[in-house]
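So the structure is just underneath, and the comments pick up after that.
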Amino acid sequence: MPDVHDLLIVGSGPAGLTAAVYAGRANLRPVVIEGIGAGGQLMLTTDVENFPGFPDGILGPELMMKFREQAERFGAEFVTADADRVDLSDAPFGVWIGQQEYRAHSMIVTTGASARMLGLPSEQRLLGHGVSTCATCDGFFFREKPIAVVGGGDSALEEAIFLTKFATTVTIIHRRDELRASKIMQDRALANPKIEFRWNTAVEQVVGNGAVEALQLRDTVTGVESELDVQGLFVAIGHDPNTALFKGQLDLDDNGYIVTEPSSTRTSVAGVFAAGDVQDHVYRQAITAAGSGCMAAIEVERWLGETRHAAAHS
Ligand code: NAP
């Protein structure tokens, strides 16, 4: 058995790194398995203007660098690799990276969620330059501009309605002629004079060099191609929580998110906590993820204290 740490944190977005800051300051010397794509979803954004404390805004990757520096300052240790396997059947819990095994008395899972993407090379190229997956984060940059939202679920409609505060028009592009979203959201979107719909339509290509200029569209029924002039594209076709590692070991909900107890980050396994987007499909903000990471670290500290106290008196 390798050295047993107090705490392993798996994931390094705002939730994981906030947990690392708090756990570091509590002298738990956390080991953060930060992943190859360290830093989470903010690494895919440009300006972040709604994170308190940065009145002039900050670049997403720079913000995450600051989180990491702060965690390091308090003794967090980083492993820059993806975890391949976990064993939560018994404490100390195990994490494997290839043959390398890590063990800890407690764990915080902060592996986040990934926005589903259309899978177009032009979408990747213009991500953060007019292509976005977060209206709350980026809507402000599209004042008085025509934009499009792709998707037909609650997220797409919610984002489209929010974006009408800024944009001149919001065109919702949906691959079918029927929305998946709830009736109430449909009614709101259909009644909004700034929202237009393109039914039975797929985005074939995002056109632009350094900034979005237009979309190439295809009618999914007739195959007819067309172009739509917009300066932004919001991809709102759902998120997938990064929970493949934990399937069968932690309780997950129907959409694959880790189930945590109300007002807590406790999971179905005592000693394992979850924070951030991996357990939150409602708010999905860096600041709420950071808040729940803080909760998790405090809960770990208490849990370790209680279990050690119980062991000493048994
Ligand atoms: P969702 O319900 O899974 O909807 C995804 C939408 O994107 C669907 O309309 C789907 O089309 C479309 N889509 C998926 N892959 C696509 C692709 N490759 N190309 C083009 N379109 C694609 O996801 P969501 O809207 O993020 O919602 C997730 C969950 O959160 C839902 O349970 C939702 O009710 C909930 N939510 C609730 C609220 C609220 O109540 N205010 C807000 C946001 C989310 P098809 O319809 O053809 O499959």
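We number each residue from 1, following the sequence as shown. Whatever order the structure lists them in is the order used to number ligands and atoms, beginning at 1.
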Closest protein heavy atom to [atom], given as residue, atom name and distance to 0.1 Å:
atom	value
atom 9 (O) of ligand 1	G152 N, 3.0 Å
atom 42 (C) of ligand 1	E158 OE1, 3.5 Å
atom 2 (O) of ligand 1	R180 CD, 3.5 Å
atom 23 (O) of ligand 1	G238 CA, 3.8 Å

Look at [X] together with [Y] and state whether they make a salt bridge at an N to O cut-off of under 4.0 Å.
X	Y	answer
E72	R68	yes
D187	K183	yes
D240	R116	yes

If you measure from [atom] to every heavy atom of [options], which option wins on shortest distance?
atom	options	answer
atom 6 (C) of ligand 1	S155, G119, G153, A156	G153
atom 15 (N) of ligand 1	R116, R175, R284, H239	R175
atom 38 (C) of ligand 1	I172, D154, V235	D154
atom 7 (O) of ligand 1	V203, I237, L120	I237

Under-4.0 Å heavy-atom contact between protein and [atom]:
atom	result
atom 31 (C) of ligand 1	no
atom 28 (C) of ligand 1	no
atom 47 (O) of ligand 1	yes

If you define the side chain from C-beta out and look only at heavy atoms, does anything of [X] sit under 4.5 Å from [Y]?
X	Y	result
I287	P52	yes
E299	S264	yes
R188	L157	no

Practice prompt. Count the heavy atoms belonging to other residues, nucleotides or ligands that lie under 6.0 Å from CD1 of I184, then report whether that count exceeds 12.
Written response: no

Worksheet item: Between H174 and ligand 1, which residue portion shows a heavy-atom distance shorter than 4.0 Å: side chain, backbone, both, or neither?
Response: side chain

Worksheet item: ligand 1 versus L118, non-hydrogen atoms closer than 4.0 Å: side chain, backbone, both, neither?
Response: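 It is the side chain that touches ligand 1; the backbone stays farther off.
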
Discussion item. Out of all atoms in ligand 1, which are within 4.0 Å of some heavy atom of R176? Include the element for each.
Written reply: 45 (P), 46 (O), 47 (O)

Worksheet item: Under the criterion side chain to side chain donor-acceptor pair (under 3.5 Å), which of H239, Q285, Q41, R284 is the partner of D277?
Response: Q41

Item to complete: Using the six-membered ring wherever Trp is involved, compare the ring planes of F51 and F54 and label them parallel, tilted or perpendicular (cut-offs 30° and 60°).
Response: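 Geometry flag for F54 against F51: tilted rings.
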
